[in-house]
Structures are given as structure tokens and as C-alpha cells.
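Accompanying notes for the structure given below.
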Amino acid sequence: MERRTIGAGALEVGAVGLGCMPMSWGYSGSRQRGDESLRAVHRALDEGSSLLDTADMYGPFTNELLMGRVLKERRGDAFVSTKVGLLVGDQHIVANGRPGYVRRACDASLRRLQTDVIDLYQLHRADPEVPVEETWGAMAELVRAGKVRALGLCAVGARGGRRSGGLYDGTIRQLRRIQQVFPVSAVEAELSVWSPEALETLVPWCASRGVGFLAAMPLGNGFLTGTLTPGQGFEPDDMRARHPRFTAEMMAANQPIVVGLRRIAARHGAAVTAAQVALAWVLAQSPGVIPVPGAKRQRWVAENAAACGLRLTARDLAEVAELPAARGSWD
């Protein structure tokens with residue numbers, strides 16, 4: 001697989017990563033199978049998808065424990081990214097950026113992951129009660145202590161209404177502040193065919209500074225794969241059950257996007273899928289962009305990894321640009 005670099009330290013990873021969250025969190029709980037997920041992670045590493053993206057809150061904790069079972073055997077094959085800063089309670093999630101908590105959380109993550117160093121430690125959310133410089137300073141201490149290799153900021157937030165210009169202005173202001181404390185190696189934010197907003201300011205900001213960009217949800221929470229049926233419904237614990245683009249009406253309204261991706265895929269061969277076109281589009285945006293599609297089945301992991309070999313033409317990219325904008329229930 002093609003390799004791409006993260007940050008000024010030129011940390012190398014496979015060009016397509018693996019989002020591990022669906023194995024333990026956020027999606028249908030009844031479809032989560034530990035052994036099947038383990039096989040999927042091993043397959044990802046076999047395919048060259050070395051970046052494993054997890055977080056202490058996924059589960060909570062169970063996702064890191066799952067990754068630890070793989071890392072115990074294959075640490076040298078993996079680039080481990082985990083996150084700190086969010087606590088999961090009963091029906092709520094709160095931020096905690098206190099330096100003491102950050103240090104304890106890192107030690108706990110290291111134990112669960114069964115490793116002595118985290119390759120990329122990301123701040124999941126800034127704590128509004130703690131200056132972000134204090135939180136970032138505590139994370140920088142972990143680098144100096146040899147427990148972490150590089151630091152990143154996760155800018156993936158809940159959708160809160162109609163998106164407009166300047167979506168990431170606050171994120172960039174935050175990045176400027178923490179850069180004064182310790183270098184930012186990576187930023188993780190949503191980027192996909194149906195959510196391209198990061199291309200306006202955030203991706204260029206990263207590209208101009210040698211900061212890696214981890215593209216979260218590059219398959220649109222599964223919609224861009226074309227495997228979901230409008231009106232199919234979602235389990236109550238599945239975040240798509242409350243997502244404004246996943247009502248039956250909006251899934252039907254957004255089908256032209258999938259149709260367009262399938263049309264492009266067909267030009268590249270019968271075996272090429274809409275999902276691979278969607279991932280290839282993300283890869284084509286910048287050499288510093290690394291899509292991190294979530295998956296928990298070997299089949300999808302292999303399909304996603306193969307997207308690295310798909311090169312979209314100028315015609316393909318122009319057709320993607322002409323696809324209709326995604327609609328949500330607020331539209």
C-alpha cells in the first residue's frame with residue numbers, strides 16, 4: 001500500500017487507515033462481534049492499513065482492550081492512534097482536560113493497549129473549564145516522557161444544524177494556540193464526498209504546515225457505500241438513528257450521490273465499488289490526507305484498503321464535484 005506521512009516527524013502509515021470505533025461504539029450493538037473484529041484488524045494490518053484509530057471512550061475502554069489483543073502480537077505492524085479528553089457517563093459525555101487526568105488516562109490507555117508507547121495521542125475535545133494550553137502542555141509532557149510519539153487534535157463534532165462557511169474557524173484558532181505550546185502532528189475531522197467542508201480552510205491549513213489530516217467518516221457513516229436502504233431503520237444505540245441525513249426521506253433524497261459514485265465506479269471495472277470511489281476521492285484531495293474508514297468486517301476492510309490503488313481521472317473528479325449537495329432533515 002502507498003505510504004503517507006503524519007506531521008513534521010514524518011511518521012509513516014498506510015494511505016488508508018482503519019477506524020475502530022464501530023467495533024465497540026456508536027453503531028448497532030447487536031452486530032458487534034469481538035472475534036470478528038479481531039480478524040478485521042489483523043486483515044487491515046495484512047493489507048497495509050497500519051493506522052488503527054481508537055479512543056478510550058469507545059466502549060468505553062473496550063475498544064482499546066480489543067486493540068491491545070492485536071498489538072500484543074503485532075505491535076511492529078501497527079501505528080496506534082488513541083484519544084483522551086472525554087468521559088462517558090450515564091446518558092451523557094463530558095470533557096475533562098485537567099493535566100492530572102490526562103496523565104492518568106494515558107497510563108490507563110497504555111495498559112489496555114498492551115504497549116509502552118502511543119504513536120499518536122489526540123485531544124478528543126477541549127475542556128471548556130481548562131485552558132487548552134494546559135491540557136496540551138500535559139500531553140507534551142507525555143511525549144517528553146517517551147509514552148507518546150506525536151500529538152493530534154480531533155475536530156470531529158456532533159452535527160448541530162445547517163453547515164455554513166467558517167465551520168472550522170474555531171478549530172483553527174485553537175490549533176494556533178496549541179502550536180505555541182507543542183507541535184501539532186495531525187488533525188482529525190470529517191471529510192467525505194457528502195461532507196467536504198474541511199477542504200475550505202482546515203485541510204489547506206494542515207497542508208501548509210506539514211500537519212497530517214485524518215479524514216474521519218470518509219464513507220458518510222456507511223451511506224456512500226450504497227449498501228444502506230432508505231427506510232431500513234437503525235437500532236436505538238446506533239447514532240444514525242438520530243442523524244438528520246438518515247431519516248427515510250433524506251436517505252431517499254440523497255440517493256443521487258450514490259448513483260453518481262456507482263456510475264464512476266463502473267467505468268473502472270465491475271469489481272470497483274462506490275465506496276472505493278468515495279475513498280479515492282478523499283485520497284486525491286491532498287498527499288497529507290489519510291482516510292480512516294470505520295469497519296468491523298474483513299470484507300469491508302479489504303475493500304477499503306484496495307481503494308488506495310484506484311486513481312480517479314479528471315473526468316471522475318469533475319463528476320463528483322457536480323453531484324448534488326447532501327441534504328439533512330433541516331433542509
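Because only heavy atoms are used, hydrogens play no part in the values below, and waters and symmetry mates are left out as well, while side chains stay in. We're numbering straight along the sequence, starting at 1. All of these numbers come straight from a predicted model, not from anything done at the bench.
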| Would you say the side-chain atoms of Gln232 pair up with the backbone N or O of Thr229, donor to acceptor, closer than 3.5 Å? | yes
field: Close side-chain approach of Val187 to Leu214, heavy-atom, < 4.5 Å
entry: no
inquiry  = Does Glu249 have more than 12 heavy atoms from other residues, nucleotides or ligands lying within 6.0 Å of its CD?
reply    = no
What one should report as the nearest heavy-atom pair of Gly146 and Val117 is O-CG2, 3.7 Å
message = Within the structure provided, determine whether Glu141 and Arg103 are in side-chain contact (heavy-atom separation under 4.5 Å).
response = yes
Notebook entry, point to check: So, Asn221 versus Tyr27: side-chain donor-acceptor pair below 3.5 Å or not?
Noted result: yes
Quick test of your reading of the model: are Asp46 and Arg74 salt-bridged, counting only N-O distances below 4.0 Å? yes
- Could you walk me through whether Glu64 and Ser109 pass the side chain to side chain donor-acceptor pair (under 3.5 Å) check? CA-CA 7 Å; Glu64 285 188 334; Ser109 287; 2.9 Å; yes
Please confirm whether the backbone N or O of Leu86 pairs with a side-chain atom of Arg125, one donor and one acceptor, at under 3.5 Å?
no
Establish, from distance only, whether the side-chain atoms of Thr82 and Gln122 form a donor-acceptor pair under 3.5 Å.
-> no
Q) Can you list the steps and then say if Asp53 with Lys83 is a salt bridge (Lys or Arg N to Asp or Glu O under 4.0 Å)? A) CA-CA 9 Å; Asp53 188 51; Lys83 308 176 188 74; 3.0 Å; yes
Look at the side chain of Asp127 and the backbone N and O of Gly97, then say whether any donor-acceptor pair between them is shorter than 3.5 Å.
-> yes
- Task: Mark yes or no for whether Arg4, through its side chain, and Val289, through its backbone, hold a donor-acceptor pair below 3.5 Å.
- Result: yes
Across all chains, not counting sequence neighbours, the side chain to side chain donor-acceptor pair (under 3.5 Å) partners of Thr247 are none
Residue pairs passing the ring pair (Phe, Tyr, Trp, His ring centres under 6.0 Å) test with at least one member in residues 195-225, sequence neighbours excluded, are Trp194-Phe223
Residues Lys296 and Glu36 bridged, charged N to O under 4.0 Å: no
* Asked: Would the number of heavy atoms belonging to other residues, nucleotides or ligands and lying under 6.0 Å from CZ of Arg69 be above 12?
  -> no
Taking the side chain from Tyr121 and the backbone from Cys106, do they hold a donor-acceptor pair closer than 3.5 Å?
yes
Closest non-hydrogen atoms of Val301 and Arg43, given as atom of the first, atom of the second and distance, are CG1-C, 4.1 Å
Can you tell me if Asp238 uses its side chain to pair, donor with acceptor, with the backbone of Phe234 under 3.5 Å? no
For the pair Asn96 (side chain) and Arg98 (backbone), establish whether a donor and an acceptor sit closer than 3.5 Å, ignoring hydrogens and angles. yes
Whether Arg311 side chain and Cys308 backbone form a donor-acceptor pair below 3.5 Å: yes
(Q) Donor-acceptor pair, distance only, cut-off 3.5 Å: does the side chain of Asp119 make one with the backbone of Val80? (A) yes
Can you give me every donor-acceptor pair (side chain of residues 252-261, partner residue at least two apart or in another chain, under 3.5 Å) with its distance?
{"residue": "Asn254", "atom": "OD1", "partner": "Arg327", "partner atom": "N", "Å": "2.8"}
{"residue": "Asn254", "atom": "ND2", "partner": "Met250", "partner atom": "O", "Å": "3.1"}
{"residue": "Asn254", "atom": "ND2", "partner": "Arg327", "partner atom": "O", "Å": "2.8"}
{"residue": "Gln255", "atom": "NE2", "partner": "Met251", "partner atom": "O", "Å": "3.2"}

Side chain to side chain donor-acceptor pair (under 3.5 Å) filter on Thr201, not counting sequence neighbours, yields none
Item to complete: Take His92 and Val94 through the side chain to side chain contact (heavy atoms under 4.5 Å, CB included) test and state the conclusion after the steps.
Response: CA-CA 7 Å; His92 69 281; Val94 296; 3.6 Å; yes
Taking every heavy atom of Ala95 against every heavy atom of Pro128, the minimum-distance pair comes out as CB-CD, 4.3 Å
Interatomic distance, CG@Leu224 vs CD@Gln276, rounded to 0.5 Å, equals 13.5 Å
What one should report as the nearest heavy-atom pair of Ala307 and Leu279 is CB-CB, 3.7 Å
Sorted by chain and residue number, the side chain to side chain donor-acceptor pair (under 3.5 Å) partners of Asn63 (sequence neighbours excluded) come out as Ser24, Thr54
Worksheet entry | hydrophobic_cluster_shared for Leu66 and Val84, side chain cutoff 4.5 Å | yes
Report yes if the side chains of Val211 and Ser185 come closer than 4.5 Å at any heavy-atom pair, otherwise no.
no
Interatomic distance, CD@Glu190 vs CE@Met217, rounded to 0.5 Å, equals 4.0 Å
For the residue pair Val181 and Val132, establish whether any side-chain heavy-atom pair is separated by less than 4.5 Å. no
*Would you say the side chain of Val292 lies within less than 4.5 Å of the side chain of Leu18, judging by non-hydrogen atoms?*
no
Would you say Ser195's side chain and Leu191's backbone share a donor-acceptor pair under 3.5 angstrom? no
Which of Ile178, Val184, Leu153 passes side-chain contact (heavy atoms from CB on, under 4.5 Å) with Leu123? It is Leu153
| field | Side-chain touch Thr5/Leu11, heavy atoms, less than 4.5 angstrom | value | no
- Cut-off 3.5 Å, side chains only: do His124 and Asp56 have a donor facing an acceptor? no
Thr62 versus Trp25: any side-chain heavy-atom pair under 4.5 Å? no
Got Arg144 and Phe182 here, is their nearest side-chain heavy-atom distance under 4.5 Å? yes
Residue set satisfying side chain to side chain donor-acceptor pair (under 3.5 Å) with Glu303, at least two apart, ordered chain then number -> Thr273
